[in-house]
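In what follows, a single structure is set out as structure tokens and then discussed.
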Amino acid sequence: MPTIFYGEHMSQRTVTVDGKSISTDGSIIRDVVRDKRAVAARIDGRLVDLSTPLADGQDIATVPADSDEGVHIIRHSAAHVMAEAVKQLFPDAKPTIGPATEDGFYYDFDRGQSFTPEDLEKIEKKMEELVKADLPFIRKDMDRQEAAAFFREKGEPYKVEIIQDMDDEVCDVSLYEQGSFVDLCRGPHVPSTGYIKAFKLLSIAGAYWRGDEKNRMLQRIYGTAFGSPKDLKSYLNFLEEAKKRDHRKLGRELDLFMFSDDAGPGLVIYMPKGGRLRSLIEEFEKRLHFRRGYDIVYGPNILRGRLWEISGHMDNYKENMYFTELDSQLYGIKPMNCLSHIMIYKSKVRSYRDLPLRYFELGSVTRNEKSGVIHGLLRTRQFTQDDAHIFCRPDQLIEEITAIIDMVAEVMAVFGFSYDMEISTRPEQSMGSEEMWNMATQALKDALDKKGLPYDINEGDGAFYGPKIDVKIKDAIGRSWQCATIQCDFNLPERFDIHYVGSDGERHRPVMLHRVILGSIERFIGVLIEHFAGAFPVWISPVQAVVMNITDAQAGYAADVADRLRKSDVRIELDARNEKIGYKIREARQQKVPYMVITGDREKEEGTITVRERSGDQQTMTVDEFVKIVREAQPVV
RNA sequence: GCCAGCGUAGCUCAGUGGUAGAGCAGCUGAUUCGUAAUCAGCAGGUCCAGGGUUCAAGUCCCUGCGCUGGCUCCA
């Protein structure tokens with residue numbers, strides 16, 4: 001192994017640091033970096049340690065602790081410190097991998113036993129000691145074979161496996177040592193453990209080696225670290241905030257939906273207010289689709305097994321499906337809505353003039369989700385999609401895709417979501433020719449390119465019958481959720497042998513688009529709840545206003561106002577209980593009702609109402625004026 | 001499905017192997033009040049289910065179910 005003596009050349013050098021030219025007799029980058037917050041540096045776009053030797057004429061950019069890259073490096077270093085702590089406390093734990101993530105870091109260990117919450121505390125304490133000791137991170141470059149031998153001797157088989165699985169052309173690997181711990185690692189790292197000023201261990205979880213469920217389950221410890229204690233604190237606050245917005249908690253508190261152990265896991269039961277919310281969204285969707293040339297259709301929930309064989313579901317989707325038997329015939333409970341729509345298409349001879357045909361269905365689908373993945377409204381075993389299938393000619397394909405992209409944009413604007421898009425390509429489990437897949441994928445790309453919209457590629461994540469554009473919406477606290485998806489399918493038209501008669505009098509094969517805008521209504525409602533923290537916009541609020549009197553003297557007037565509002569389609573509740581107005585307001589606020597309509601003696605005398613908003617602002621007006629305000633909150637689509 | 005933790009009143013949660021508890025919500029009564037909780041009383045339990053250990057189990061052990069956090073999978 002070549003040894004570098006950093007102090008070897010004591011000559012003067014001229015380097016550029018963050019755009020400033022510096023003349024130095026120092027030998028490593030750290031010698032010329034004035035910025036105390038610097039944790040690493042960038043040379044020619046490459047991230048390096050501050051201990052990297054200086055070379056004459058180098059252009060150095062420092063990476064501060066509070067930058068995205070800096071935080072990433074701190075987290076990665078924290079993962080190493082955690083591994084050292086674990087090795088000291090539990091010598092039998094074999095380290096595997098420990099990367100930084102978007103909001104923290106983790107390290108996976110192979111160990112006979114699991115870690116307990118008490119272990120977590122011990123590990124955190126030990127980490128604090130290691131940070132206090134301010135141990136330097138020392139990089140060592142090592143020949144690949146030598147490194148493999150080194151880890152084999154240390155009894156760390158996972159590191160050996162990682163080295164052996166590297167590309168053939170890799171000759172040297174780098175190791176980082178701090179204190180008693182050496183890890184295979186590309187780096188860079190902070191100069192010493194003392195740079196890790198704000199960290200916290202969060203949870204223990206199981207994780208498969210290399211993410212494959214056929215492999216051994218490892219013990220993962222999650223933690224997070226930041227450039228400063230202040231940033232760590234604000235992240236922990238953010239987690240608290242997210243907890244308060246949890247749709248499962250709000251769903252119960254606002255009486256929207258429930259789950260019942262007796263009914264079964266992953267099966268949503270809508271309570272009256274949740275039912276109202278859902279029906280409002282569905283009404284909105286029906287209008288939306290009618291106005292854009294869609295037809296509303298309904299298909300059965302179970303279809304013959306034979307049909308699922310033709311569609312390829314039996315070969316590609318069977319493990320997600322439920323089956324039943326009727327008159328000793330096999331039936332599949334639908335996990336998707338496409339088959340009935342294909343039946344509708346097939347029911348007549350179609351002319352090229354008839355296309356595109358757009359069939360829309362608020363279709364409930366049932367999928368056998370593994371027990372461990374079920375999660376409130378966001379992952380259920382039965383859900384309703386705002387599903388549509390568009391049958392079109394190949395020459396109409398791009399136009400139809402772009403129309404859907406526009407529709408997604410309009411709907412997301414109505415709800416106030418921003419979003420990113422990605423294209424998912426052919427998965428391993430799939431059917432059809434390579435040519436079809438290429439055509440379909442190209443069509444999706446062309447449509448996005450034509451609109452000038454940016455997108456990522458998600459290799460191998462398409463549906464089994466075709467590639468898709470996935471829309472990931474971002475909620476109010478920055479988390480992203482998949483809702484809309486647009487799938488391009490050349491497969492099912494062929495399998496069901498559907499066709500249209502072209503202008504040439506010949507039969508031609510149409511193309512099929514599968515698409516959803518909100519995706520699963522359940523999931524979308526879950527995201528809506530968290531996005532608005534339960535304080536829905538007026539137009540979808542299950543209760544838009546609570547009418548309340550101040551004393552029994554205005555009970556009759558309040559009932560009269562309530563009646564007038566109800567007859568004007570304002571969704572109201574009347575709170576005529578013998579309680580103080582402060583108490584009624586408190587309850588309405590907790591229920592996140594947008595308006596409180598207060599009727600005291602003053603209002604009764606003038607024939608008005610006082611309307612209090614969620615913000616606390618209030619105004620006295622007539623019932624008609626208030627009705628107008630509520631009506632105008634309805635979006636036009 | 002896998003790993004770990006958890007399961008007590010409608011909700012949030014206390015509970016040392018020895019009589020099942022609190023706050024809020026609910027119900028009843030009093031109070032008639034102007035912008036985030038009026039007072040008093042009452043009622044509320046298969047301690048997730050089944051089995052085991054024990055003189056005795058909410059508490060310890062086993063199995064199942066469910067939930068939570070992850071992993072894999074996904075709208």
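Protein chains get the first letters and strands the later ones, always in sequence-line order, with residue 1 at the start of each. Not measured: the values here are computed from a predicted model.
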Is any side-chain N or O of [X] closer than 4.0 Å to OP1 or OP2 of [N]?
X	N	result
A:R252	B:U12	yes
A:S114	B:A4	yes
A:Y208	B:G1	no
A:R612	B:A36	yes
A:K468	B:A75	yes
A:R248	B:U68	yes
A:Y106	B:G69	no
A:H375	B:C67	no

Tell which nucleotide pairs with B:G18, taking only Watson-Crick or G-U wobble pairs whose two distances are both under 3.5 angstrom.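 Pair assignment: B:G18 / B:C55.
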When you compare the side chain of A:M258 with that of A:Y270, does any pair of heavy atoms fall below 4.5 Å?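 A:Y270 does not reach A:M258 side chain to side chain.
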Between A:F115 and B:A4, do the rings stack, that is, sit under 5.5 Å apart with planes less than 30° off each other?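 Stacking between A:F115 and B:A4: absent.
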Please identify which of these residues, A:F383, A:W481, A:F417, A:F284, meets the ring-ring contact (aromatic ring centres under 6.0 Å, His included) condition with A:F524.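 Testing A:F524 for a ring-ring contact (aromatic ring centres under 6.0 Å, His included) against A:F383, A:W481, A:F417, A:F284 leaves exactly one candidate, A:F417.
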Mind calculating the distance between CD (A:E102) and P (B:G70) to the nearest angstrom?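 Going from CD in A:E102 over to P in B:G70 covers 14 Å.
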Going by atom types only, do A:T620 and A:T610 share a side-chain donor-acceptor pair under 3.5 Å?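 A:T620 vs A:T610: donor-acceptor pair found between side chains.
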Salt-bridged, A:D108 to A:R220, with N to O below 4.0 Å?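 Salt bridge: yes.
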Note: A:R210-A:E161 ion pair, threshold 4.0 Å (strictly below):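 Answer for the salt bridge query: yes.
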Within the 4.0 Å heavy-atom criterion, would you say A:D552 contacts the bases, only the backbone, or no part of the nucleic acid?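 If one applies the 4.0 Å heavy-atom cut-off, A:D552 turns out to touch a base.
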Sugar-phosphate, base or nothing in reach of A:G519, heavy atoms under 4.0 Å: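 The answer is nothing, as A:G519 stays clear of every strand by at least 4.0 Å.
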Quote, to the nearest angstrom, the [atom1] distance that separates [N] from [M].
N	M	atom1	value
B:U8	B:A14	C1'	10 Å
B:C62	B:U72	C1'	29 Å
B:G64	B:C11	C1'	27 Å
B:G45	B:G21	C1'	11 Å

Would A:R111 count as a cation-pi partner of A:F115, with NZ or CZ less than 6.0 Å from the six-membered ring centre and within 45° of the ring normal?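 Satisfied, under 6.0 Å and within 45°.
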Nearest-neighbour nucleotide for the A:T380 side chain, B:C71, B:A75, B:C33 considered: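 Nearest nucleotide to the side chain: B:A75.
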If you check every side-chain atom of A:I581, which of B:U35, B:A75, B:U32 has the closest atom?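 Given the options B:U35, B:A75, B:U32, the side chain of A:I581 is closest to B:U35.
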Record whether the side chain of [X] comes under 3.5 Å of the base of [N] through a donor-acceptor pair of N or O atoms.
X	N	answer
A:E369	B:A75	yes
A:R367	B:C74	no
A:E603	B:G34	yes

